[in-house]
Amino acid sequence: MKIDLLGKKWLDIVFEGRNKSYGAYDLRKHNSNTNLKALGIGAVVFALAVATPKIAEFISSVTATTDEGLHERITAVKLPPKEEQPKEDLKPPPPPKPREDVVKFVKPVVARKEDVTEEPPKVEDLKDKNLGKEDIKGDKDAPLTVEPPGNGPPQNDVVEDNTIYNSAGIEVQPGFPGGMPKWYSFLKNNFTPPDEPGLKGRVVVSFVVEKDGSLTDIKVLKDIGYGSGKEAERVLRKGPKWTPAEQNGRKVRCAFIQTFSIENPDE
């Protein structure tokens, strides 16, 4: 008897009289189907492995083509600079309108006839006229003129700046004629310390440089006695006028502090 190993009849011969519900019989019975499935899955996996580089190359080429086309379509355009109109071509402002007639507006009030002191204007009198607080006669034939700048009414509401500024934050600091070296030389030649052996210390004096350069509001902030503070005040009052400080292009008052150092030798 010839047995076909590719068929399934030999399984019945081998497992005759045995427990066919055992897993070995079932595995051998479906072995051909399992092999076909495994072969198909392997073929698909192999095909994907071979085709993946080609697919990636194709996607890269399509993306590059799209980017190049987009780059060609989107280009930066530099606009020419805006031409400014020459100042000489600027039109002058329109001249002021001629003075028009103004009719005083009288608020209507219910009153007795004998109490009326001022008659309201008639409707025909208000035609082509403005309403105001009083009657003004206009002049439509007046010449139209434009006043040059600077000829307006004087500004009387300008408040004088009397603020005392600090010399550390001022735009233009006050200065002694000839510079600060001249100032120190002036103090050295004119300040006479008290004749007191062993006297040592500093005298601190504050003052204000006014808008005209004069020194005012002289105060001794620190005194070591024996008339040293009075001597410092005397020297400051004796000095010439300073160059005033400036803020925002205007002369202003500015505070200043000066220190006098005293060191007398012991006897």
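Just so you know, residue 1 is the first one in the sequence shown, and it goes up from there.
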Just wondering, do [Y] and [X] contact through their side chains at under 4.5 Å, heavy atoms?
X	Y	answer
Asn264	Lys200	no
Phe176	Pro240	yes
Ile257	Val205	no
Ser167	Cys254	yes
Gln258	Phe207	yes
Val203	Thr259	no

Output, in order, the C-alpha distance, side-chain angles, deciding distance and verdict of side-chain contact (heavy atoms from CB on, under 4.5 Å) for Val220 and Asp223. CA-CA 7 Å; Val220 179; Asp223 194 353; 3.8 Å; yes
From CA spacing to verdict: salt bridge (Lys or Arg N to Asp or Glu O under 4.0 Å), Glu160, Lys211
CA-CA 11 Å; Glu160 186 178 1; Lys211 299 177 183 179; 3.2 Å; yes
Roughly how far, to the nearest 0.5 Å, is [atom2] of [Y] from [atom1] of [X]?
X	Y	atom1	atom2	answer
Gln247	Gln173	CD	CD	11.0 Å
Arg237	Ser214	CZ	OG	11.0 Å
Trp242	Phe256	CH2	CZ	4.0 Å
Lys54	Ile59	NZ	CD1	14.0 Å

Would a single hydrophobic cluster contain both [Y] and [X], if residues Ile, Leu, Val, Met, Phe, Trp and Tyr are joined by side-chain heavy-atom contacts under 4.5 Å?
X	Y	value
Leu187	Ile224	yes
Ile218	Phe260	yes
Met180	Val235	yes
Ile262	Tyr184	yes

_Intermediate values then yes/no, side-chain contact (heavy atoms from CB on, under 4.5 Å), Val209 and Leu215_ = CA-CA 5 Å; Val209 181; Leu215 306 185; 3.7 Å; yes
Heavy-atom nearest pair, Lys241 first then Pro177, reads O-CG, 3.2 Å
Taking atom [atom1] of [X] as the centre, report whether more than 12 heavy atoms of other residues, nucleotides or ligands fall under 6.0 Å from it.
X	atom1	value
Tyr226	OH	no
Asn189	CG	yes
Lys251	NZ	no

Any side-chain to backbone donor/acceptor pair from Glu171 onto Asn248? Under 3.5 Å, distance only. yes
| said: Checking Lys238 against Asn190: is there a side-chain donor and acceptor pair closer than 3.5 Å? | reply: yes
Q) Ion pair present between Arg202 and Glu263, side-chain N to carboxylate O less than 4.0 angstrom? A) no
Would Ile170 and Val252 satisfy side-chain contact (heavy atoms from CB on, under 4.5 Å), going step by step from the backbone distance to the final call?
-> CA-CA 9 Å; Ile170 200 71; Val252 295; 3.8 Å; yes
Report task. Apply the test side-chain hydrogen bond (donor to acceptor under 3.5 Å, both in side chains) to residues Thr216 and Glu210: give CA-CA distance (whole Å), side-chain angles for both, the deciding distance (0.1 Å), then the verdict. Result -> CA-CA 7 Å; Thr216 62; Glu210 297 291 341; 2.5 Å; yes
